[in-house]
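Before any comments, here is the structure.
When reading the values below, keep in mind they use all heavy atoms of this one structure, side chains included, and skip hydrogens, waters and symmetry mates. Start at 1 with the first residue, then count along the sequence.
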Amino acid sequence: MNNSIKLFFSMIAFGIIALSGCGQETANETSKTKDEKKVFKIGLTQFAEHPSLDAASEGFIKALEDEGFEEGDNIEYDKQNAQADMNNTQTIANNFVGDKVDLIFANATPSAVSALNATKDIPILFTSVTDPIGSGLVEAFEKPGENITGTTDYHPDATATTFNFIIDSIGAKNIGVIYNAGEQNSEVQVDEVKKLADSKSAKIVEASISTSAEVKQAVESLVGRVDAIYVPTDNTVVSALESVISVANSNKIPLFAGELDSMKRGAVAASGFNYYDIGYQTGKMAAEILKGNKTPAEIPVELPGSLSLIINKKAAEDQGVEVKEEWGENAEFYEEK
C-alpha cells in the first residue's frame, strides 16, 4: 500500500515537472516570436550597367536606409542586372515572383514592363522610365496601377533645352541620333527630337541599333553626314557610350546626351538631373509601402526635380567646340576634378 502511494505521488510530481517544462518552452517560443523582426526581401532588377542606372539604384537603397531599413538587419536585396538583354529581364522578374519577394524595384523601362508582366500582386516601384503611360505601366500619373508606381526620368523641358542649345548655340543643322528601336522609351524621345528639329528647320539622321555591340558601327555611319550627335536616355547606347565618344573625338563631331552622367563621361552638354535623386524619391515611396502606410495605387508617379544645362569644357575641346563664356548665363560649366 505504501509503495502504491509513493508511486502515485511520484507520477503526479513528474507530471507537474513535465507540464512546467512545456509551459516554459511555449513561453520561450512566444517570446522568440515577439522578438523576431520582419526581414523584407527586395528584388532589385536593373536593365543595364551604366552610371545613371547605378546611381538610381544607390539612391533607392539609401532612401530605404534613411527610413530605417538597413541591409543585414531588417531588409535584404536580391540584386540582378539584365545586361541590356530583354529576355533576361523577364527571367529575373519571374524568379522574383517564385521567390515571393516583398517588393520589386525595377530600374529602367524593360525591367519594369517585365516585372508587371510577371505579377499583379507584388508591389513594383520603378524608376528611370521615360514614358510610364505609353509603355503600359500605369494608366495615369495620378492613378497608377494597383501594384505599381514610381518615378519617371522624363522632364518635359530637358530635351527641348538641349536641342535649342545644339541648334541655336552650336549651329547644327543635321543631327545624328543613335538609339535602340527595341526600347520604347527611346522611340518616344526620337519622336520628340524630330518635332523639335523640324520646328527649327533642322534634320534628324537616325542610326538604329539592337545591341551594344552595334553602337560603334552605328556612330561611324554618321561621320560626314551630321554636324552633331545626340544620344537620348537609351540604356543600350549609354552602356557603350565610350564607343560613341571615341568616334566623336576622332572626327570632331560635338556629342550631346540626354542625361548628366553621360555628359560627365564625355559629351559636350546635357540638360538633366541626378539619377541618384529619382532613385532616392522611389526609395521613399517603397518605405511607405513596406511600413504599411500606403499601397502603390495611392502613390502618384513623380517627375524629376529641377533641371540644369551643364557644359563639359574638356569634351567640347576634344570635339572641336569653342566654348563661349556667355553660355554661362544660362548654363553651368563642368570641369573634371
Side-chain angles (χ1 to χ4, degrees), residues 42-50 52-54 56-57 60 77-154 179-192 208-212 232-239 258-259 275 278-279 281-283 285-286 289 295-297 299-304:
I42 309 299
L44 190 158
T45 172
Q46 182 172 313
F47 180 60
E49 185 176 353
H50 63 69
S52 294
L53 297 188
D54 294 346
S57 291
F60 177 81
Y77 296 93
D78 183 356
K79 302 172 185 177
Q80 300 293 326
N81 192 304
Q83 302 298 330
D85 187 318
M86 302 287 186
N87 294 325
N88 288 345
T89 63
Q90 196 60 61
T91 301
I92 291 168
N94 292 341
N95 287 341
F96 285 163
V97 174
D99 292 340
K100 298 180 180 179
V101 299
D102 296 294
L103 183 144
I104 295 174
F105 171 59
N107 193 353
T109 302
S111 295
V113 170
S114 292
L116 190 59
N117 286 340
T119 179
K120 297 297 186 289
D121 300 313
I122 298 172
I124 300 169
L125 273 295
F126 61 76
T127 195
S128 312
V129 170
T130 301
D131 185 12
I133 297 173
S135 59
L137 293 173
V138 300
E139 296 177 3
F141 277 33
E142 290 300 319
K143 294 182 179 181
E146 287 300 312
N147 71 316
I148 188 167
T149 189
T151 56
T152 174
D153 64 359
Y154 173 75
Y179 69 103
N180 180 354
E183 288 194 40
Q184 192 270 346
N185 55 302
S186 298
E187 291 183 332
V188 170
Q189 293 175 82
V190 171
D191 287 342
E192 181 183 10
S208 176
I209 54 97
S210 57
T211 69
S212 57
T233 57
D234 182 292
N235 297 293
T236 309
V237 178
V238 172
S239 66
E259 35 77 34
Y275 271 69
I278 58 171
Q281 286 176 248
T282 313
M285 297 176 177
I289 294 168
T295 67
I299 304 175
V301 174
E302 294 182 8
L303 293 170

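- Residues A56 and T127 share a closest heavy-atom pair of CB-CG2, 3.9 Å.
- Across K120 and L116, no two heavy atoms sit closer than the pair NZ-O, 2.7 Å.
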If you apply the rule side-chain contact (heavy atoms from CB on, under 4.5 Å), what do you find for V138 with T149, and how did you get there?
CA-CA 7 Å; V138 300; T149 189; 5.6 Å; no
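- From S114, atom OG reaches atom CD1 of I92 across 8.5 Å, with rounding to the nearest 0.5 Å.
- Ring pair F60/F105 is parallel by interplanar angle, where below 30° counts as parallel and above 60° as perpendicular.
- The shortest non-hydrogen separation linking T236 to I209 is CG2-CD1, 3.6 Å.
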Where do S128 and D153 land on the side chain to side chain donor-acceptor pair (under 3.5 Å) test, with the steps shown first?
CA-CA 5 Å; S128 312; D153 64 359; 5.0 Å; no
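- Here the closest non-hydrogen pair linking S135 and V129 is OG-CG1, 4.4 Å.
- Of all non-hydrogen atoms in Q90 and A118, the two that sit nearest each other are NE2-CB, 3.8 Å.
- Between T130 and Q189 there is a side-chain heavy-atom pair separated by less than 4.5 Å.
- Here the straight-line distance linking atom CD of E49 with atom OG of S212 works out to 11.5 Å at 0.5 Å rounding.
- Side-chain contact between T109 and F47 is absent, with no heavy atoms from C-beta onward closer than 4.5 Å.
- Put simply, the side chain of I289 does not reach to within 4.5 Å of the side chain of T295, judged on heavy atoms.
- Rounded to the nearest 0.5 Å, atoms CD1 (I42) and NZ (K79) are 11.5 Å apart.
- The two residues N180 and D234 make their nearest non-hydrogen contact at N-OD2, 2.6 Å.
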Check step by step if side-chain contact (heavy atoms from CB on, under 4.5 Å) holds for Q184 and V113.
CA-CA 10 Å; Q184 192 270 346; V113 170; over 6 Å; no
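- Expressed to the nearest 0.5 Å, how far CG of N107 lies from CG of L125 amounts to 11.5 Å.
- Looking at heavy atoms from C-beta onward, T233 lies out of side-chain contact with Y154 at the 4.5 angstrom threshold.
- At a threshold of 4.5 Å between non-hydrogen side-chain atoms, the residues E187 and D131 do not count as touching.
- Between the OG atom in S111 and the CG atom in N81 there is a gap of 8.0 Å [rounded to 0.5 Å].
- Looking at heavy atoms from C-beta onward, P304 lies in side-chain contact with T152 at the 4.5 angstrom threshold.
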With side-chain contact (heavy atoms from CB on, under 4.5 Å) as the criterion, how do N185 and N235 come out once you've worked through the C-alpha distance, each side chain's angles and the decisive distance to 0.1 Å?
CA-CA 9 Å; N185 55 302; N235 297 293; 4.2 Å; yes
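- Around the CD atom of Q83, the shell of radius 6.0 Å holds more than 12 heavy atoms that belong to other residues, nucleotides or ligands.
- At least one side-chain heavy atom of T45 sits under 4.5 Å from a side-chain heavy atom of F96.
- Between L137 and I124, the closest side-chain pair of non-hydrogen atoms is not below 4.5 Å.
- Q46 and S57 form a side-chain donor-acceptor contact under 3.5 Å, judged by distance and modelled atom types alone.
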